[in-house]
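The model shown is predicted, which means the values in this text are computed figures rather than measured ones.
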Amino acid sequence: QVQLVESGGGLVQAGGSLRLSCAASGLPFSSAAMGWFRQAPGKEREFVAVVSRTGGTTRYADSVKGRFTISRDNAKNTVYLQMNSLKPEDTAVYYCGRSLAGYTTSNTRDYDYWGQGTQVTVSS
């Protein structure tokens, strides 16, 4: 069955860095765009970043542009999110997802598989 497993979350001080990983299995990983989203308590899930099938195209939410970098390793079936200069407002559960649309979309409705999420907490 399809599995997306996130890891790498934790507690970090403002200004610090974390690297999230999402390992995929049970799906043709290299044929799908992959995205990262996040959800803070009481808020809707929001787009963070997406990478195309080959890794050649990336898109970011304005709130993370210049601080976060999404990448993928198709040989390892893994997508990454490098997060630098973290802020308290980045605190959320971070999810990776597979784009059913096949392209770099920021719409949650275009994603059909999701991981269980990993908690990121940034203290001030």
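Checked by atom type and distance alone, the side chain of Glu6 pairs as donor or acceptor with a backbone atom of Gly117 at under 3.5 Å. Proximity of a side-chain donor or acceptor of Thr118 to a complementary backbone N or O of Gly9 within less than 3.5 Å is detected. Without hydrogens or angle criteria, Tyr80 side chain to Asp73 main chain gives no donor-acceptor distance under 3.5 Å. Side-chain atoms of Ser63 never come within 3.5 Å of backbone atoms of Ala61 as a donor-acceptor pair (strictly under, hydrogens ignored). Looking only at distances, a side-chain donor or acceptor of Ser52 sits under 3.5 Å from a matching main-chain atom of Thr57. A donor-acceptor contact shorter than 3.5 Å is absent between the side chain of Arg53 and the backbone of Tyr103.
Met34 and Tyr60 end up in the same hydrophobic cluster when Ile, Leu, Val, Met, Phe, Trp and Tyr side chains are linked at under 4.5 Å. Hydrophobic clustering keeps Leu20 apart from Phe47 (ILVMFWY residues linked when any side-chain heavy atoms are closer than 4.5 Å, directly or through intermediates). Cluster membership check: Val93 does not share its hydrophobic cluster with Val12, using side-chain heavy-atom separations under 4.5 Å among Ile, Leu, Val, Met, Phe, Trp and Tyr.
Taking the side chain as every heavy atom from C-beta outward, Arg38 and Val64 approach each other to under 4.5 Å. For the pair Val122/Leu86, a side-chain contact is recorded, criterion being any heavy-atom separation below 4.5 Å from C-beta on. Side-chain contact between Val48 and Leu81 is present, with heavy atoms from C-beta onward closer than 4.5 Å. Put simply, the side chain of Phe37 reaches to within 4.5 Å of the side chain of Thr108, judged on heavy atoms. The side-chain heavy atoms of Val50 and Thr105, taken from C-beta on, include no pair separated by under 4.5 Å.
A distance of 8.0 Å separates CG in Asp112 from OG in Ser99, rounded to the nearest 0.5 Å. In this structure, Arg59 CZ and Ile70 CD1 are separated by 11.5 Å, a value rounded to the nearest 0.5 Å. Taking OG from Ser124 and CD from Glu89, the interatomic distance works out to 10.0 Å, rounded to the nearest 0.5 Å. Atom CE of Met83 sits about 8.0 Å away from atom CH2 of Trp36, to the nearest 0.5 Å. In this structure, Gln3 CD and Gln116 CD are separated by 9.0 Å, a value rounded to the nearest 0.5 Å. Distance check, rounded to the nearest 0.5 Å: OH of Tyr94 to CD of Gln119 gives 9.5 Å.
Counted within 6.0 Å of NZ on Lys65, heavy atoms from surrounding residues, nucleotides or ligands total more than 12; the atom is thus considered enclosed.
At least one cation-pi condition fails for Arg98 and Trp114: the charged atom is not both under 6.0 angstrom from the six-membered ring centre and inside a 45 degree cone around its axis.
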Checklist entry - Checking side-chain hydrogen bond (donor to acceptor under 3.5 Å, both in side chains) for the pair Ser30/Asn74: CA distance, chi angles, key distance, verdict? => result CA-CA 6 Å; Ser30 62; Asn74 286 345; 5.0 Å; no
Checklist entry - Could you walk me through whether Val51 and Thr104 pass the side chain to side chain contact (heavy atoms under 4.5 Å, CB included) check? => result CA-CA 6 Å; Val51 61; Thr104 52; 6.0 Å; no
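Classification of Lys87 and Asp90 as a salt-bridged pair fails, no side-chain N sitting under 4.0 Å from a carboxylate O.
A distance of 6.0 Å or more separates the ring centres of Tyr95 and Tyr111.
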